[in-house]
Amino acid sequence: MPADPNHNRPVVTRFAPSPTGALHIGGARTALFAWAFAKKHNGRFILRVEDTDLKRSSPESTKGILRDLGWLGLFSDEGPKYPCAKHGCGCGKAVDDTGYDPYDRDRQLGDHGPYFQSQRAADGIYGKYIQRLLDAGKAYEDDGAVRFRMDEDIAFTDAVYGDISVKADDLEDFIIRKGEDGGKLPTFHFAVVVDDALMEVTHVIRGQEHLTNTTKHAALYDALAEVTGDAETWQRPVWVHTPSIMNPGGSKMSKRDKAKALRNSMTEYIEKNGRDVFEEAISRCLTPQQVAHLESTAGHPVNLDRSSIDAFIDKKHDDTDFVRVVAGFWGVELPEIEVADFRNSGYLQSALLNYIALLGWNPGDDIEHFDLDFLCEKFSLERIGKSNSTFDRVKLKDFNATAVRALSHDVFADRMVRYVEAYRPAWAGSPIFTDAAKWRAFCGAVQERTHVLPDPLEMNAFLIADDDAIAYDFAPKPVRKAMIGNEAQGVTLLEEMLAGFADLPADGFGAAAHTKINELAEASGINMGKFAQPVRIAVSGGPVTPPIDVTLGLLGKVATLTRMRRCLEAAKAHASA
RNA sequence: GGCCUUGUGGUGCAAUCGGUAGCACGCCGCCCUUUCAAGGCGGAGCCUGCGGGUUCGAGUCCCGUCAAGGUCACCA
């Protein structure tokens with residue numbers, strides 16, 4: 001491997017997303033690597049929004065990407081003032097946080113915002129270099145655009161993939177200034193080179209899809225060095241291309257997977273039930289009121305009419321909003337692809353960061369669980385692999401569960417509060433949530449069995465349900481065994497407990513009930529577990545709840561007794577049936 | 001199709017200069033246990049895509065082949 005040409009320059013890395021959608025997991029990993037590498041070498045990490053494609057870029061995307069980066073804790077070390085949330089631009093005003101997700105309410109915003117290429121283009125930064133190339137005959141005009149000549153063999157070294165060389169015959173002249181959009185904007189290939197050079201970026205860390213594009217960039221660096229006579233500024237950086245992140249199936253993990261999931265579900269339904277039934281089902285899903293509601297939550301109109309749905313099924317479009325919204329009503333779970341998806345699903349930043357750091361990189365020993373400090377200390381380009389890695393959600397979940405268990409009870413309870421506030425309005429209004437003591441008890445009981453934040457909410461939905469909403473089904477084996485088995489011993493014990501609970505105080509009911517059960521168990525010589533299961537079932541409808549004292553305490557005396565009576569009735573009805 | 005790249009148990013990764021493959025997730029069993037988790041203990045599962053070659057010896061070098069990914073835009 002040749003000596004690092006940049007060894008004498010301070011390390012500068014950057015993350016340069018184009019704001020054409022949300023920050024996806026691959027982008028997050030690239031950003032993480034670039035950030036970690038800069039930290040490791042006491043260098044700087046900068047952010048640059050590549051918004052030279054006017055048609056596809058949007059302020060919303062910019063905002064979303066910055067928010068997600070902030071959520072992950074990946075901040076820029078230099079740059080203009082943080083952009084305001086209103087404009088998504090670098091207008092220099094203090095950040096207006098009102099538009100941000102409540103889940104992130106007290107996150108750090110960082111001291112610096114990103115550079116914007118659209119702004120730099122407006123400042124004329126790229127134009128003068130294009131002119132130089134034109135003057136030197138290294139580029140020429142072509143139908144309003146400007147093309148750069150590629151008439152020599154190009155070779156460069158990538159820190160991951162090694163020496164790459166391409167013959168001139170396989171290279172084509174490429175556009176560096178667009179003829180469209182007013183004829184002023186540089187293309188991506190030109191803008192990255194100019195910006196990276198001017199911002200003194202020493203290590204360009206990006207996705208492998210740019211590997212072959214790098215021939216263009218290398219040629220541009222060389223040409224610009226020659227034309228300006230400034231070899232120092234236009235020194236080629238170290239290129240670092242990271243392998244792709246794939247789906248378990250082998251396809252590249254992309255946001256289009258969401259559209260695919262929805263479409264598959266729909267076409268499957270159509271094949272099974274016929275088009276007519278589908279038409280009816282979909283119109284039942286998408287009533288005008290629902291559409292109106294959707295649009296109000298989306299903040300902008302979403303085209304959900306018949307032709308739009310037909311076009312979607314015929315693969316004519318993959319509109320992001322359409323997919324998200326329709327999937328919600330159609331009842332399809334979309335795969336998590338973007339950072340925001342993982343946040344919504346209840347993953348912790350630390351777990352996500354830890355997991356994606358391992359996608360294509362490893363510390364060299366068998367250590368898998370580590371934090372950002374460890375990453376910054378250990379990160380090295382040499383340990384980035386060349387082969388694509390596939391994204392294993394099961395393993396990610398395990399990482400998250402481990403991270404959740406490592407949280408202190410207080411921090412966990414706080415995380416849960418934020419999650420509930422942001423994503424679970426039904427829980428946010430419940431007495432368990434609003435009563436601090438109860439919330440603490442609940443979180444303390446569920447923490448160690450939580451894989452992702454919504455787990456305890458979903459597993460314990462019975463806690464916030466109405467008493468008469470609890471349904472009893474004695475068919476499942478664990479339920480039958482506990483209630484019906486052994487000559488309906490469970491029913492008998494339940495009656496015993498119901499009687500025993502009657503005199504207990506409503507205050508501190510959970511602990512009192514627990515003590516009572518212990519007494520009854522001891523007196524009858526029957527195993528405590530035999531008592532616990534029937535109450536569990538009575539109170540939740542199923543065999544799984546947090547420890548019985550906590551569960552009953554959370555529910556309170558009235559609800560507990562009511563549910564026990566209802567369960568008894570249901571059991572009798574079941575027996576006589 | 002041209003060019004570039006990759007290919008280790010189900011999955012994610014290890015294996016410094018070539019010496020008979022290790023860790024984690026998952027899975028199975030046992031223990032613990034008032035359920036479920038968690039935890040403890042143990043187990044099954046790759047001879048390294050395939051075929052040649054070099055070598056005393058190759059996952060690790062060479063050739064071929066197959067498979068996969070990337071790229072060939074006035075998108076980034």
Side-chain angles (χ1 to χ4, degrees), chain A residues 16-21 50-53 55-57 117 142-147 158 160-162 164-167 169-172 174-181 183 185-189 191-192 206-216 241 243-246 248 250-252 355 358-369 383 385-399 401-402 404-405 445-451 455-456 459-460 478-479 482 514 517-518 521 527-537 540 542-549 551:
Chain A
S18 60
T20 55
E50 310 222 321
D51 55 350
T52 53
D53 183 350
K55 291 183 208 73
R56 300 195 200 188
S57 301
Q117 282 186 334
D142 177 20
D143 195 22
V146 174
R147 274 182 197 278
D158 183 88
V160 173
Y161 290 96
I164 308 285
S165 59
V166 181
K167 294 194 180 62
D169 292 350
D170 296 319
L171 265 12
E172 280 179 13
F174 62 96
I175 303 219
I176 55 175
R177 192 188 71 196
K178 304 178 193 181
E180 295 171 357
D181 293 335
L185 290 169
T187 58
F188 155 75
H189 297 301
V192 257
R206 61 186 14 164
Q208 174 223 59
E209 67 268 20
H210 288 300
L211 186 62
T212 46
N213 284 332
T214 304
T215 52
K216 298 185 173 89
H241 289 92
S244 302
I245 299 176
M246 317 298 281
S251 56
K252 189 174 176 184
Y355 181 72
L358 253 12
L359 256 20
W361 180 84
N362 72 81
D365 42 36
D366 286 331
I367 295 175
E368 280 198 320
H369 291 280
R383 299 214 61 90
K386 297 184 192 179
S387 55
N388 295 340
S389 38
T390 68
F391 197 90
D392 184 350
R393 283 158 214 283
V394 178
K395 186 151 180 167
L396 202 216
K397 222 167 220 196
D398 175 74
F399 269 55
T402 304
V404 165
R405 262 179 269 126
V446 299
Q447 179 172 359
E448 63 179 8
R449 68 206 69 193
T450 298
H451 290 96
D455 280 349
M459 291 191 299
N460 299 299
V479 179
H514 190 226
I517 293 174
N518 275 330
N527 194 313
M528 156 78 183
K530 294 261 193 278
F531 279 89
Q533 278 314 81
V535 203
R536 269 208 174 84
I537 292 163
S540 72
V544 180
T545 77
I548 209 70
D549 54 337
T551 304

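A, B, ... follow the sequence lines: proteins, then strands. Residue 1 opens every chain. Since the model is a prediction, treat every value here as computed from it, not as a measurement.
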* Asked: How many Å lie between CG on A/Asp51 and P on B/rC75, as a whole number?
  ->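 For the pair A/Asp51 CG and B/rC75 P, the rounded distance is 14 Å.
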What's the closest nucleotide to the side chain of [X] if the choices are [options]?
X: A/Pro543; options: B/rC72, B/rA76, B/rU35; result: B/rU35
X: A/Arg405; options: B/rA76, B/rA38, B/rG12; result: B/rA38
X: A/Ile548; options: B/rU34, B/rC4, B/rA76; result: B/rU34
X: A/Lys386; options: B/rG69, B/rU5, B/rA14; result: B/rU5
X: A/Gln533; options: B/rA15, B/rA38, B/rU35; result: B/rU35
X: A/Ala532; options: B/rG70, B/rU71, B/rU34; result: B/rU34
X: A/Asn388; options: B/rU6, B/rU11, B/rG69; result: B/rG69
X: A/Thr390; options: B/rA76, B/rU11, B/rU34; result: B/rU11
X: A/Lys178; options: B/rA14, B/rC75, B/rC72; result: B/rC75
X: A/Asp170; options: B/rG69, B/rC3, B/rC74; result: B/rC3

With sugar-phosphate meaning primed atoms plus P, OP1 and OP2, does [X] contact a base, only sugar-phosphate, or nothing at under 4.0 Å between heavy atoms?
X: A/Met459; value: nothing
X: A/Glu209; value: sugar-phosphate
X: A/Thr212; value: base
X: A/Leu358; value: sugar-phosphate
X: A/Ser389; value: sugar-phosphate
X: A/Asp169; value: nothing
X: A/Pro547; value: base
X: A/Pro17; value: nothing
X: A/Arg383; value: sugar-phosphate
X: A/Gly542; value: nothing

Distance between [atom1] atoms of [N] and [M] (Å, rounded):
N: B/rC61; M: B/rA15; atom1: P; answer: 13 Å
N: B/rU60; M: B/rU48; atom1: C1'; answer: 10 Å
N: B/rG39; M: B/rA21; atom1: C1'; answer: 30 Å
N: B/rG29; M: B/rG51; atom1: C1'; answer: 41 Å
N: B/rC3; M: B/rU8; atom1: P; answer: 24 Å
N: B/rA58; M: B/rC62; atom1: C1'; answer: 12 Å
N: B/rC25; M: B/rG42; atom1: P; answer: 14 Å
N: B/rG7; M: B/rC13; atom1: P; answer: 11 Å

* To do: Look at the side chain of A/His514 and the base of B/rU34, then say whether one donor and one acceptor between them are separated by less than 3.5 Å.
  =>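 Under the 3.5 Å cut-off, the side chain and the base do form a donor-acceptor pair.
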* Centres of the A/His451 and A/Phe399 rings: under 6.0 Å? ->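 They do not qualify: ring centres at least 6.0 Å apart.
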Listing time: all N or O pairs from protein to nucleotides 63-67 of chain B that are below 3.5 Å?
none

* Using side-chain contact (heavy atoms from CB on, under 4.5 Å) as the criterion, point out the one residue from A/Ile164, A/Thr214, A/Val160 that pairs with A/His241. =>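 Result for side-chain contact (heavy atoms from CB on, under 4.5 Å) with A/His241: A/Thr214.
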* Side chain A/Asp51, main chain A/Gln117, donor-acceptor under 3.5 Å ->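 Confirmed, A/Asp51 side chain pairs with A/Gln117 backbone.
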* Name the stems that RNA chain B belongs to, where each is three or more consecutive Watson-Crick or G-U pairs with both distances under 3.5 Å? ->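 The stems that RNA chain B takes part in, listed by first number, are B:1-7 with B:66-72, B:10-13 with B:22-25, B:27-31 with B:39-43, B:49-53 with B:61-65.
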Shorter than 3.5 Å, N or O on both sides, protein versus nucleotides 22-26 of chain B: list them out with atom names.
unit_1: B/rC23; atom_1: O4'; unit_2: A/Asp366; atom_2: OD2; d: 3.3
unit_1: B/rA24; atom_1: O2'; unit_2: A/Glu368; atom_2: OE1; d: 2.5
unit_1: B/rA24; atom_1: N3; unit_2: A/Lys395; atom_2: NZ; d: 3.1

